[in-house]
A.B. asks: 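Questions regarding the structure given below will be posed in turn.
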Amino acid sequence: MSKVWGLLILAGEKIPDRMHIQPIYTRIQKQLPLGDEYLVLEDHYRFNGRSNLYLTNGNFVTWFAELPSPDDLFVGFEYKYDRLLAFTEKGLCVRLSPTNGKVLENVKER
């Protein structure tokens with residue numbers, strides 16, 4: 001038996017696909033399960049924190065995504081074929097490392 005985010009999961013039971021993750025600053029716009037963790041995008045409106053895109057297991061944050069500039073925020077993301085793309089308020093698209101959230105490259109401007 002193991003306890004996962006306050007739920008009791010018995011051996012052989014399926015862990016729910018969508019766990020309830022609490023936002024840190026605003027409200028959750030989008031969340032995506034990645035293994036035992038969740039990629040979370042919080043609403044950028046009135047956001048006052050480090051980065052509004054982060055990876056968490058529900059108890060602690062593994063990483064906050066690096067912003068392309070300090071005065072920008074994320075408004076969306078896509079995760080396909082192990083490629084994490086994040087879109088910013090200023091119209092940038094960056095490829096982020098799913099391992100640590102660092103910017104790997106600027107993909108394009110929208």
Side-chain angles (χ1 to χ4, degrees):
M1 266 190 312
S2 65
K3 191 173 182 181
V4 179
W5 295 301
L7 296 176
L8 187 61
I9 307 295
L10 301 175
E13 279 189 299
K14 183 176 185 231
I15 295 174
D17 290 334
R18 185 172 172 98
M19 301 295 291
H20 184 70
I21 303 294
Q22 291 293 323
I24 298 172
Y25 299 102
T26 57
R27 64 185 181 93
I28 294 176
Q29 290 287 92
K30 183 177 181 178
Q31 73 182 39
L32 177 73
L34 293 178
D36 293 337
E37 297 179 297
Y38 283 80
L39 188 56
V40 175
L41 175 70
E42 285 196 28
D43 191 352
H44 66 285
Y45 180 68
R46 290 195 206 174
F47 184 83
N48 186 21
R50 193 168 162 181
S51 174
N52 64 324
L53 180 62
Y54 53 89
L55 187 70
T56 181
N57 71 358
N59 294 320
F60 68 92
V61 174
T62 304
W63 53 253
F64 287 95
E66 179 182 14
L67 292 164
S69 68
D71 60 340
D72 207 354
L73 287 170
F74 295 106
V75 294
F77 71 85
E78 270 180 20
Y79 186 78
K80 291 182 184 176
Y81 312 112
D82 294 328
R83 188 175 155 113
L84 176 57
L85 298 177
F87 311 99
T88 73
E89 226 176 7
K90 292 189 173 187
L92 296 174
C93 175
V94 293
R95 186 166 67 95
L96 299 173
S97 166
T99 308
N100 60 21
K102 300 285 184 197
V103 173
L104 298 174
E105 67 178 322
N106 287 331
V107 177
K108 63 181 174 184
E109 289 191 27
R110 291 190 288 166

A.B. asks: Any chance you could measure Asn59, atom CG, to Ile21, atom CD1, to the nearest 0.5 Å?
C.D. replies: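 The CG atom of Asn59 sits 8.5 Å away from the CD1 atom of Ile21.
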
A.B. asks: Could you pull out all donor-acceptor pairs under 3.5 Å where a side-chain atom in residues 77-84 meets a protein atom, sequence neighbours excluded?
C.D. replies:
{"from": "Tyr79", "atom 1": "OH", "to": "Asp82", "atom 2": "OD1", "distance (Å)": "3.2"}

A.B. asks: Among residues at least two apart in sequence or on other chains, which ones pass ring pair (Phe, Tyr, Trp, His ring centres under 6.0 Å) with Tyr25?
C.D. replies: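 Phe47.
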
A.B. asks: Identify, with sequence neighbours excluded, every residue that meets side-chain contact (heavy atoms from CB on, under 4.5 Å) alongside Asn100.
C.D. replies: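 Testing Asn100 for side-chain contact (heavy atoms from CB on, under 4.5 Å), a comparison that skips the adjacent residues, returns Ser97, Lys102.
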
A.B. asks: Yes or no on side-chain contact (heavy atoms from CB on, under 4.5 Å) for Asp43 and Asn52, after CA distance, side-chain angles and deciding distance?
C.D. replies: CA-CA 7 Å; Asp43 191 352; Asn52 64 324; over 6 Å; no

A.B. asks: For Asp71, enumerate each residue passing the side-chain contact (heavy atoms from CB on, under 4.5 Å) test, keeping only those at least two apart in sequence or located in another chain.
C.D. replies: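 Asp71 satisfies side-chain contact (heavy atoms from CB on, under 4.5 Å) with Ser69, Lys90 only.
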
A.B. asks: Can you name the residues that form a side-chain contact (heavy atoms from CB on, under 4.5 Å) with Arg46, not counting sequence neighbours?
C.D. replies: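 With neighbours one apart ignored, the set is empty.
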
A.B. asks: Do any N or O atoms from the side chain of Gln31 and from the backbone of Tyr38 form a donor-acceptor pair under 3.5 angstrom?
C.D. replies: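 Not at all, since once roles are kept as given, no pair shorter than 3.5 Å links the two residues.
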
A.B. asks: Rounded to the nearest 0.5 Å, what separates atom CG in Leu53 from atom CD in Glu66?
C.D. replies: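 Going from the CG atom of Leu53 to the CD atom of Glu66 covers 12.0 Å.
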
A.B. asks: What residues form a salt bridge (Lys or Arg N to Asp or Glu O under 4.0 Å) with Asp72, not counting sequence neighbours?
C.D. replies: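 With neighbours one apart ignored, the set is empty.
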
A.B. asks: Does Phe74 form a side-chain contact (heavy atoms from CB on, under 4.5 Å) with Leu67? I'd like the steps, not just the answer.
C.D. replies: CA-CA 8 Å; Phe74 295 106; Leu67 292 164; 3.3 Å; yes

A.B. asks: Determine, using the 4.5 Å side-chain heavy-atom cutoff (strictly less than), whether Val94 and Leu34 are members of one ILVMFWY cluster.
C.D. replies: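 Val94 clusters together with Leu34.
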
